[in-house]
Amino acid sequence: MNMVPRYQSGDQGRRLDPARKALKLPFEMIIEILSWLTVDALLRMKSVCKKWCALIEDHHFIVKHMDRASPLPIKCQYSRRHDQVALLHSKNIRCMSRVAGLFVEKHHSLPVCRIRNPVIGHVLDLPNAHMDVCRMKCAFDSLTGDAKLVSAYIHNDEVGYEVMSIGQDGDWRALKHPNQGLLKKNGKWTTRRQFFLTDEVHDGVYFCSEIITDGEDWCLEVQALDPWNECFITTTLPQGVFNGCKRVWVFNWNQHIAVGDIVEEELHVLVLEDLKEEQWSQNKIIVPLKFLQHQPLLDDQVLIPVKADCDELKLRYKGGKTLFYDMNNEMIKKVVYKWFDTDLLGFYKPSLVSLKGMRQDERVRHRMGID
């Protein structure tokens with residue numbers, strides 16, 4: 001029986017039989033396949049060829065992969081001082097915020113801070129923040145891959161801001177707050193202040209609300225800092241909508257800024273529909289809180305609206321438990337209690353975002369208590 005050889009010999013050397021040639025995948029299909037791999041696998045794939053390496057480092061691919069990546073577990077702990085969940089790296093480090101797989105971290109007692117991508121092991125040590133820093137947020141532009149950091153601090157009962165373009169600025173740059181130096185000069189005072197972000201509508205915009213009192217008169221201002229344009233937009237809650245300021249809270253209502261007040265067994269909500277036009281909703285939204293019929297608020301209890309997402313409303317007792325309330329069925333879905341100094345399990349989206357200009361300063365690492 002004659003066998004057909006797989007290889008032919010001749011003057012041109014050995015050639016592969018066309019029937020045995022490997023099929024060549026379109027590069028678009030390769031991109032699709034790679035976008036579903038884990039970060040560890042993609043880091044190995046960078047060594048396949050220069051083309052694959054360039055693809056994996058491209059920020060468009062990074063965003064595509066981040067949307068598909070499975071969340072990874074991370075250790076969390078409730079913080080007594082900040083009354084919230086803190087992401088921990090070590091006993092000295094607190095995670096101030098996270099975006100695009102990047103963790104903005106600060107030493108507990110020092111102004112030393114950094115940005116870290118834990119999944120690829122990159123660390124960028126930052127210049128010292130203001131001594132009185134209380135909030136730090138990072139904005140990430142998925143179209144360009146640029147990142148900008150905002151730091152807020154309170155000094156002498158006044159808010160101040162600093163910004164930094166990651167990979168471009170060598171130090172923090174101060175931004176003047178709209179009310180900075182003016183309130184006390186005019187005999188006015190801030191009785192309550194809140195810092196927060198919305199999710200998608202105002203991407204990266206940093207909000208601060210202040211309840212300002214002038215004798216018996218009061219007003220609520222919402223100041224929005226656009227980190228990309230480094231400018232403030234200030235809007236004021238219409239007068240007469242709520243009676244008094246003690247129970248008024250600013251929170252996230254379906255990715256819009258809203259002001260809420262619990263009156264007897266109802267949550268009254270006014271939504272800021274258009275920030276730039278300073279347009280508030282014409283009528284208040286009334287949410288019945290039927291559980292308060294059986295669990296009325298005591299004089300020393302404060303129930304704070306935290307976030308509304310579709311039909312779910314998150315409420316928190318100040319210093320106590322958190323409720324997840326189904327507004328459609330008017331019932332409590334879940335109650336979460338706080339266990340201070342207890343390790344919990346959280347999750348985050350990993351990413352391939354690289355920290356350009358990364359420098360490891362051993363003195364900074366030592367001061368942050370990192371081995």
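Everything numeric here is computed off the predicted structure, so don't read it as measured data. Just so you know, these numbers use all the heavy atoms, side chains as well, and skip hydrogens, waters and symmetry mates.
Residue pairs that meet the salt bridge (Lys or Arg N to Asp or Glu O under 4.0 Å) test with at least one member in residues 160-171, sequence neighbours left out, are Asp169-Arg173. Applying the ring pair (Phe, Tyr, Trp, His ring centres under 6.0 Å) test to pairs two or more places apart or on separate chains, none has a residue in residues 38-66.
Between the NE2 atom in His122 and the CG atom in Leu102 there is a gap of 11.0 Å [rounded to 0.5 Å]. Between the CG atom in Leu124 and the CD1 atom in Ile166 there is a gap of 6.0 Å [rounded to 0.5 Å]. Atoms CG and CG, from Asp326 and Leu313 in turn, are 10.0 Å apart once rounded to the nearest 0.5 Å. In this structure, the separation between NZ on Lys284 and NE2 on His268 is 5.5 Å, given to the nearest 0.5 Å. Here the CD-CD1 distance, from Glu277 to Ile233, works out to 9.5 Å after rounding to the nearest 0.5 Å. Atom-to-atom distance recorded for Ile212:CD1 and Asp217:CG is 12.5 Å, nearest 0.5 angstrom.
For Phe291 and Tyr325, the gap between ring centers is short of 6.0 Å.
The shortest distance between side-chain heavy atoms of Asp261 and Trp249 does not fall below 4.5 Å. For the pair Val263 and Phe242, the minimum side-chain heavy-atom distance is 4.5 Å or more. In this structure, Phe251 and Leu315 have side chains that are not in contact, with every pair of non-hydrogen atoms separated by 4.5 Å or more. Using a 4.5 Å heavy-atom threshold, the side chains of Val39 and Ile120 count as touching. The side-chain heavy atoms of Leu289 and Glu266, taken from C-beta on, include no pair separated by under 4.5 Å. Counting heavy atoms from C-beta outward, Pro238 and Leu270 have side chains that approach closer than 4.5 Å. No side-chain heavy atom of Cys138 sits less than 4.5 Å from a side-chain heavy atom of Lys148. Contact of the Lys51 side chain with the Phe27 side chain is registered, since non-hydrogen atoms from C-beta on lie closer than 4.5 Å.
Salt bridge annotation for Glu312-Lys307: absent, with no cationic side-chain nitrogen under 4.0 angstrom from a carboxylate oxygen. Under a 4.0 Å N-O distance rule, the pair Glu32/Arg68 qualifies as a salt bridge.
The same ILVMFWY cluster, assembled from side-chain heavy atoms under 4.5 Å apart, contains both Ile62 and Ile33. Residues Ile286 and Leu272 fall into different hydrophobic clusters, defined by Ile, Leu, Val, Met, Phe, Trp and Tyr side chains chained together at heavy-atom separations under 4.5 Å. Under the 4.5 Å side-chain heavy-atom criterion for Ile, Leu, Val, Met, Phe, Trp and Tyr, Tyr317 and Val335 are members of the same hydrophobic cluster. Residues Met29 and Met45 are members of one and the same hydrophobic cluster, defined by side-chain heavy-atom contacts under 4.5 angstrom among Ile, Leu, Val, Met, Phe, Trp and Tyr. Note on Val306: it does not cluster hydrophobically with Leu267, by side-chain heavy-atom contacts below 4.5 Å among ILVMFWY residues.
Closest approach of Lys137 to Ser97, counting heavy atoms only: CA-OG, 3.4 Å. Scanning both residues, Phe103 and Cys95, for their nearest heavy atoms gives CD2-SG, 3.7 Å. Of all heavy-atom pairs spanning Arg114 and Ile93, the tightest one is NH2-CG2, 4.5 Å. Of all the heavy atoms in Gln223 and Glu210, the pair that sits closest is NE2-OE1, 3.5 Å. Of all heavy-atom pairs between Ser351 and Ala100, the closest is OG-O, 2.5 Å. Nearest heavy-atom pair, Arg94 versus Met96, reported as atom, atom and distance to 0.1 Å: NH1-SD, 3.2 Å.
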Practice task
Assess whether side chain to side chain contact (heavy atoms under 4.5 Å, CB included) is satisfied between Phe207 and Leu225, documenting all intermediate values.
Solution key: CA-CA 6 Å; Phe207 292 91; Leu225 168 59; over 6 Å; no
Exercise for the section: Decide yes or no on side chain to side chain contact (heavy atoms under 4.5 Å, CB included) for Leu352 and Glu57, but give the supporting numbers first. Expected result: CA-CA 7 Å; Leu352 290 156; Glu57 292 180 351; over 6 Å; no
Problem - Intermediate values then yes/no, side chain to side chain contact (heavy atoms under 4.5 Å, CB included), Glu221 and Ser209 - result: CA-CA 6 Å; Glu221 282 190 0; Ser209 69; over 6 Å; no
Exercise for the section: Go through the steps to decide whether Leu175 and Glu230 satisfy the test side chain to side chain contact (heavy atoms under 4.5 Å, CB included), and finish with yes or no. Expected result: CA-CA 8 Å; Leu175 291 180; Glu230 300 184 9; 4.0 Å; yes
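Without hydrogens or angle criteria, Asn128 side chain to Cys113 main chain gives no donor-acceptor distance under 3.5 Å. Counting only distance, with no hydrogens or angles, the side chain of Thr38 and the backbone of Ala41 share a donor-acceptor pair below 3.5 Å. Listed for the Asn117 side chain is a donor-acceptor partner under 3.5 Å among the backbone atoms of Val353. The main-chain N or O of Ala129 is never found under 3.5 Å from a side-chain atom of Ser151 such that the two would form a donor-acceptor pair. Within the 3.5 Å criterion, the main-chain N or O of Leu110 finds a donor-acceptor partner in the side chain of Lys106.
Side-chain atoms of Asp146 and Thr144 form a donor-acceptor pair, as typed in the model, at a separation below 3.5 Å.
By the side-chain contact (heavy atoms from CB on, under 4.5 Å) test, Met131 pairs with Pro111, sequence neighbours left out.
Geometrically, Lys334 engages Phe324 in a cation-pi contact, judged by NZ or CZ lying under 6.0 Å from the ring centre and within 45° of the ring axis.
The only member of Thr236, Val241, Val259 that meets side chain to side chain contact (heavy atoms under 4.5 Å, CB included) when paired with Trp280 is Val259. Applying the side chain to side chain contact (heavy atoms under 4.5 Å, CB included) test between Thr235 and each of Val222, Leu220, Ile257 identifies Val222 as the sole match.
For Gln282, the CD atom sits in a loose shell: 12 or fewer heavy atoms of surrounding residues, nucleotides or ligands are nearer than 6.0 Å. Asn243 CG: 12 or fewer foreign heavy atoms inside a 6.0 Å radius.
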